[in-house]
Amino acid sequence: MDTTESLGYLKGLIDGLDLDENSKETKVFKAIVEVLENMNADLDDVYEELEAQTDVIDAIDADLAELEEDFYDDEDDWDDDEDFEEFEVECPNCGEIISVDEDTVMEGGIECPNCGENLEFEIEYDDDEE
């Protein structure tokens, strides 16, 4: 049962009590129900606005996806570092293949995420590169 239905049910229960219309208790119950009805109407307005905003966001997302498709033909275009290299190393302890970037290699080592073995990297330069 949603909020509107619950409020209708509550009003029916109060009406079914056959309370004296002039009693203080009846006036309090009716005032409480009126406040709840106003809150329900406000929530309905919020939900409608939320749906409208969701539609706007979905439209913006679709437009952005179209622009990305037009201007970024390849996922590699997102990478600002054109010299970025990735290396795969095999842990001698557990055989896990680990991808590491150039910065990690330059730092000299990494801990194997699978077994915890400390992997050390040695950089060897060709005679031409020194």
Side-chain angles (χ1 to χ4, degrees):
M1 186 179 318
D2 70 6
T3 306
T4 304
E5 292 169 340
S6 296
L7 280 171
Y9 180 72
L10 180 61
K11 285 174 76 172
L13 286 176
I14 291 172
D15 289 344
L17 291 174
D18 201 26
L19 299 172
D20 178 19
E21 290 292 323
N22 297 323
S23 75
K24 293 178 184 178
E25 293 84 6
T26 304
K27 291 178 183 178
V28 168
F29 285 143
K30 290 193 181 231
I32 290 171
V33 169
E34 186 176 330
V35 168
L36 292 173
E37 287 175 332
N38 291 339
M39 290 173 64
N40 186 52
D42 291 344
L43 277 176
D44 285 343
D45 292 344
V46 168
Y47 287 132
E48 286 177 21
E49 184 62 30
L50 181 61
E51 283 182 19
Q53 293 301 318
T54 300
D55 291 343
V56 169
I57 290 170
D58 288 344
I60 291 170
D61 186 46
D63 291 345
L64 180 59
E66 188 176 314
L67 283 172
E68 287 174 347
E69 188 175 299
D70 290 344
F71 289 102
Y72 301 109
D73 294 332
D74 192 356
E75 289 179 18
D76 292 337
D77 289 342
W78 286 94
D79 187 10
D80 292 335
D81 185 5
E82 299 203 12
D83 295 329
F84 176 79
E85 287 190 53
E86 189 171 277
F87 302 94
E88 288 188 346
V89 294
E90 181 177 349
C91 176
N93 189 44
C94 68
E96 178 79 13
I97 302 294
I98 305 162
S99 294
V100 294
D101 61 16
E102 188 174 4
D103 291 337
T104 304
V105 171
M106 297 303 286
E107 290 172 7
I110 188 173
E111 187 175 287
C112 175
N114 189 44
C115 69
E117 177 79 14
N118 188 30
L119 307 176
E120 293 182 9
F121 306 120
E122 291 182 18
I123 302 171
E124 294 181 13
Y125 296 99
D126 292 336
D127 291 334
D128 298 336
E129 293 182 26
E130 288 184 49

task = Consider only side-chain heavy atoms of I, L, V, M, F, W and Y, link residues closer than 4.5 Å, and tell whether M106 and F87 are in one cluster.
result = yes

remark   = All heavy atoms of E117 vs all of C91, minimum pair found to be CB-SG, 4.0 Å

remark   = What one should report as the nearest heavy-atom pair of D15 and K30 is OD1-NZ, 4.3 Å

key: Spatial distance of atom CD (E21) from atom NZ (K27) [nearest 0.5 Å]   = 9.5 Å

message = Given 3.5 Å as the limit, does a donor-acceptor pair link the side chain of E5 with the main chain of D2, or not?
response = yes

query = L19 and V28: same hydrophobic cluster, using ILVMFWY side-chain contacts below 4.5 Å?
reply = yes

key: CG on N40 to CG on D45, rounded to 0.5 Å   = 10.0 Å

key: Non-hydrogen side-chain atoms of I14 and L10 separated by less than 4.5 Å   = yes

Reported CD-to-CZ distance for the pair E66 and F71, which is rounded to 0.5 angstrom = 10.0 Å

ask   = Can T26 and D20 be counted as having a side-chain donor-acceptor contact under 3.5 angstrom?
value = no

task = Give a yes or no on whether Y9 and L43 share a hydrophobic cluster (residues Ile, Leu, Val, Met, Phe, Trp, Tyr; joining criterion: side-chain heavy atoms under 4.5 Å apart).
result = no

message = The test is side-chain contact (heavy atoms from CB on, under 4.5 Å); show your working for I32 and V35 and say whether it passes.
response = CA-CA 5 Å; I32 290 171; V35 168; 5.8 Å; no

key: Min side-chain heavy-atom separation T54-I57 under 4.5 Å   = no

message = Return the CG to CG distance between N114 and N93, rounded to the nearest 0.5 Å.
response = 9.0 Å

query = With hydrophobic residues grouped by side-chain heavy-atom distances under 4.5 Å, do L13 and M1 end up in a single group?
reply = yes

Spatial distance of atom CG (L36) from atom OG1 (T4) [nearest 0.5 Å] = 11.5 Å

query = Under a 4.5 Å side-chain heavy-atom rule over Ile, Leu, Val, Met, Phe, Trp and Tyr, are V56 and Y47 clustered together?
reply = no

remark   = CG (N118) and CD (E111) are apart, to the nearest 0.5 Å, by 7.0 Å

note = Nearest heavy-atom approach of E88 to S99 is CG-OG, 3.8 Å

